[in-house]
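No experiment lies behind these values; they were computed from the predicted model shown.
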Amino acid sequence: MHKIIDLPTPPPLAELAAGRAVALFLDFDGTLVEIADTPEGIHVPDGVPAQLDALHRMLDGRIAIVSGRAIADIQSHLGALDVLMVGSHGAEIGEAAEPEAILSSASHADIAALASEWPRLLIETKPHGIAVHYRQEPEAAPAVLQVMDDMAAREGLAARRGKMVVELGPKSANKGAAVTRLMAAPPFAGALPLFVGDDATDEDGFAAVAATGGFGILVGAPRPTAAHYLLADPEAVHQWLTL
């Protein structure tokens, strides 16, 4: 059961990695970069791509970015990295991907009606689903949640709620399932898994690493969570990632 507790700061990554293999799974928005008003509005701090490349070398490839964004979207912000990318909440893992989601005409009509009633909603179409961001239309939250839940039931998809966003995607894809799959094979197998994330969709990742002897690190304000440790913000994450 998740509950709010005073989570401690995690031990330094260098200490955890001393004398044992560590596998590192990192969320993107809210973890490596600050959340922005729009998905395109994020700023990647200087040095982050180089830091990720260095971690990839030091951890012998046992690092992955696990995000709700599509892999191509992540790469557009980080550039070409050797780091493994897991996109669309696990629907994309490296070069492998589930079939793209095709919504019915009824669902497209529902989205159009929402956008007409709440013009500041941001509708983000993705290869494996669709997301509705209501950060600039907070009053629209009840309507967005109801419409997305109804669409999920009709289309046989999962409705994932995050920070001021609801996203539809494949039921079989979540961050925990992706982590479990990666931990079953080299180079991740047998390592101590650590998952760092900030949002509700990262809870599956926290649970997956805990099931294999690792732990989650929540980024941001304390809340009910399966994570064991807490870091205040992305800047604290960057400092913790120093090896």
Side-chain angles (χ1 to χ4, degrees), residues 2 5-18 20-35 42-45 47-69 71 74 77-78 81 83-90 93 160 162-163 174-183 187-188 191-243:
H2 297 176
I5 57 175
D6 292 328
L7 296 175
T9 301
L13 180 57
E15 177 182 317
L16 293 168
R20 68 181 307 175
V22 165
L24 193 57
F25 302 98
L26 303 170
D27 176 43
F28 187 63
D29 292 89
T31 298
L32 290 176
V33 299
E34 295 283 357
I35 293 175
I42 61 165
H43 168 69
V44 178
V48 168
Q51 184 180 45
L52 294 172
D53 259 340
L55 285 166
H56 180 268
R57 294 191 302 271
M58 294 175 184
L59 298 177
D60 295 325
R62 296 185 303 274
I63 178 174
I65 294 175
V66 186
S67 174
R69 291 179 183 255
I71 289 177
I74 305 170
H77 293 284
L78 291 178
L81 296 176
V83 175
L84 177 66
M85 304 285 179
V86 177
S88 302
H89 300 283
I93 300 182
R160 299 185 178 87
K163 292 180 177 177
N174 65 66
K175 294 184 178 184
V179 168
T180 298
R181 176 178 169 183
L182 291 176
M183 286 301 300
F188 298 93
L192 173 71
L194 317 176
F195 193 105
V196 188
D198 73 302
D199 212 343
T201 54
D202 297 310
E203 291 296 329
D204 291 325
F206 296 154
V209 294
T212 51
F215 56 80
I217 301 172
L218 176 65
V219 181
R223 59 168 172 78
T225 182
H228 292 76
Y229 296 101
L230 182 73
L231 289 169
D233 50 34
E235 182 178 354
V237 173
H238 301 152
Q239 294 173 358
W240 181 78
L241 288 174
T242 302
L243 274 176

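- Checking side-chain atoms of Arg62 against main-chain N and O of Leu59 turns up a donor-acceptor pair under 3.5 Å.
- The two residues Thr9 and Tyr229 make their nearest non-hydrogen contact at O-CD2, 3.5 Å.
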When you look at Phe28 and Leu78, which way does the side chain to side chain contact (heavy atoms under 4.5 Å, CB included) test go after all the steps? CA-CA 10 Å; Phe28 187 63; Leu78 291 178; 3.9 Å; yes
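- Residues Asp29 and Ile35 approach most closely at C-CG1, 4.2 Å, considering heavy atoms.
- Looking only at side-chain heavy atoms (C-beta outward), Leu231 and Pro10 come within less than 4.5 Å of each other.
- The pair Arg223-Glu203 meets the salt-bridge criterion, since a charged nitrogen lies less than 4.0 angstrom from a carboxylate oxygen.
- Proximity of Ile71 to Ile93: side-chain heavy atoms (C-beta onward) are nowhere separated by under 4.5 Å.
- A salt bridge links Asp27 with Lys175; the closest basic N to acidic carboxylate O contact falls under 4.0 Å.
- Side-chain contact between Thr225 and Leu230 is absent, with no heavy atoms from C-beta onward closer than 4.5 Å.
- The minimum heavy-atom distance between Gly213 and Pro193, with the atom names listed, is C-CD, 4.5 Å.
- At least one donor-acceptor pair closer than 3.5 Å links the side chain of Thr242 to the backbone N or O of Gln239.
- Side-chain contact between Pro234 and Thr31 is absent, with no heavy atoms from C-beta onward closer than 4.5 Å.
- Side-chain contact between Leu32 and Leu241 is present, with at least one heavy-atom pair separated by less than 4.5 Å.
- Of the possible donor and acceptor atoms, one in the side chain of Ser67 sits under 3.5 Å from a partner among the backbone N and O of Arg69.
- Contact annotation: the side chain of Leu218 approaches that of Phe206 to within less than 4.5 Å [non-hydrogen atoms, C-beta and beyond].
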Show, in sequence, the C-alpha distance, side-chain angles and deciding distance for Met85 and Val66, and conclude whether the side chain to side chain contact (heavy atoms under 4.5 Å, CB included) test is met. CA-CA 6 Å; Met85 304 285 179; Val66 186; over 6 Å; no
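- Between Val196 and Trp240 there is a side-chain heavy-atom pair separated by less than 4.5 Å.
- The nearest pair of heavy atoms linking Val83 to Leu52 is CG2-O, 3.6 Å.
- In terms of heavy-atom proximity, Met183 sits nearest to Ala191 at CE-O, 3.4 Å.
- Across all their heavy atoms, Leu81 and Pro49 have their closest contact at CD2-O, 3.7 Å.
- Note: Phe188 and Phe25 have parallel aromatic rings, judged against thresholds of 30 and 60 degrees for the angle between ring planes.
- Of the inter-residue distances, the one linking Glu34 atom CD with His43 atom NE2 reads 10.0 Å to the nearest 0.5 angstrom.
- To the nearest 0.5 Å, atom CD of residue Glu15 and atom CZ of residue Arg20 are 11.5 Å apart.
- A distance-only check finds no donor-acceptor pair linking the side chain of Asp199 to the backbone of Asp202 [under 3.5 Å].
- Residue Leu26 holds its CG atom at 8.5 Å from CZ of Phe195, rounded to the nearest 0.5 Å.
- With contacts defined as side-chain heavy-atom distances shorter than 4.5 Å, the pair His56/Leu84 does not qualify.
- Judged purely by atom type and a 3.5 angstrom limit, Asn174 uses its side chain to pair as donor or acceptor with the backbone of Ala177.
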